[in-house]
Amino acid sequence: DQNQKSLLQGLIGEKPAQPISSAADVVPETKASPDPVPKENSIGEQWIYKDPKGITQGPFSTSQMLEWYQAKFFPLELPVAPLAEPAMFQPLSFWLVKWGIQLEPS
């Protein structure tokens with residue numbers, strides 16, 4: 001009987017199945033939160049750098065590069081290039097400005 005089934009579901013913590021009326025009932029709504037840094041859609045880019053011995057390291061994400069810079073692992077003059085354009089090495093300070101990051105003394 002339906003009443004027993006409802007009582008049993010209530011006791012074991014189950015909810016009766018509800019019909020799905022649209023995809024909006026299934027997919028949670030997401031709100032885009034603005035990411036203050038980095039600028040110029042560089043968040044998804046991959047980067048390489050030359051270590052002090054001149055050996056190319058990477059690729060690494062923009063966020064990883066920023067973490068290391070902020071932890072003072074990288075000097076402002078570190079040669080950095082986008083993975084997509086490996087011949088375009090520029091000092092890290094150049095990329096930080098493009099990413100909208102305020103420079104800190106190294």
Side-chain angles (χ1 to χ4, degrees):
D1 149 302
Q2 186 63 29
N3 287 338
Q4 287 179 329
K5 187 176 179 181
S6 292
L7 180 61
L8 181 61
Q9 288 172 337
L11 290 173
I12 61 173
E14 289 183 7
K15 291 183 178 179
Q18 298 292 322
I20 297 173
S21 59
S22 72
D25 293 338
V26 178
V27 180
E29 187 176 322
T30 58
K31 295 181 181 178
S33 58
D35 192 352
V37 289
K39 293 181 181 178
E40 298 193 13
N41 298 327
S42 58
I43 195 78
E45 282 193 66
Q46 295 284 304
W47 302 88
I48 55 177
Y49 70 89
K50 289 187 180 177
D51 67 18
K53 294 180 180 178
I55 299 170
T56 301
Q57 304 290 337
F60 302 103
S61 68
T62 304
S63 57
Q64 184 66 67
M65 298 290 288
L66 286 172
E67 282 181 40
W68 288 332
Y69 165 68
Q70 290 166 341
K72 306 224 184 289
F73 293 141
F74 288 155
L76 289 172
E77 58 277 356
L78 182 78
V80 176
L83 181 61
E85 298 181 57
M88 198 174 147
F89 277 96
Q90 296 289 333
L92 177 59
S93 59
F94 172 87
W95 298 111
L96 291 170
V97 169
K98 285 202 160 287
W99 298 339
I101 305 300
Q102 186 167 354
L103 300 182
E104 299 172 11
S106 55

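For clarity, every value in this text was computed on a predicted model and none was experimentally measured.
Considering only heavy atoms from C-beta on, Val97 stays 4.5 Å or farther from Ile101 through its side chain. The closest side-chain heavy-atom distance from Pro86 to Ile48 is below 4.5 Å. Thr56 has its side chain out of reach of Tyr49: every pair of non-hydrogen atoms, C-beta onward, lies at least 4.5 Å apart.
In plain terms, the two heavy atoms of Pro59 and Leu83 that are nearest each other are CB-CD2, 3.7 Å. Between Gln102 and Tyr69, the shortest heavy-atom distance links the atoms O-OH, 4.2 Å.
Partners of Gln57 under the side-chain hydrogen bond (donor to acceptor under 3.5 Å, both in side chains) rule, at least two apart in sequence or in another chain, are Asp51. Applying the side-chain contact (heavy atoms from CB on, under 4.5 Å) criterion to Pro82, with sequence neighbours excluded, gives Glu45, Trp47, Glu85, Met88, Trp95. Scored by the side-chain contact (heavy atoms from CB on, under 4.5 Å) test, Pro79 finds Lys50, Phe89 as partners (sequence neighbours excluded).
Separating the CD atom in Glu67 from the CZ atom in Phe73 is a distance of 10.0 Å, to the nearest 0.5 Å. Atom CD of Gln90 sits about 12.5 Å away from atom CG of Leu96, to the nearest 0.5 Å. From Leu92, atom CG reaches atom CH2 of Trp68 across 12.0 Å, with rounding to the nearest 0.5 Å.
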Output, in order, the C-alpha distance, side-chain angles, deciding distance and verdict of side chain to side chain contact (heavy atoms under 4.5 Å, CB included) for Gln46 and Ser61. CA-CA 5 Å; Gln46 295 284 304; Ser61 68; 4.0 Å; yes

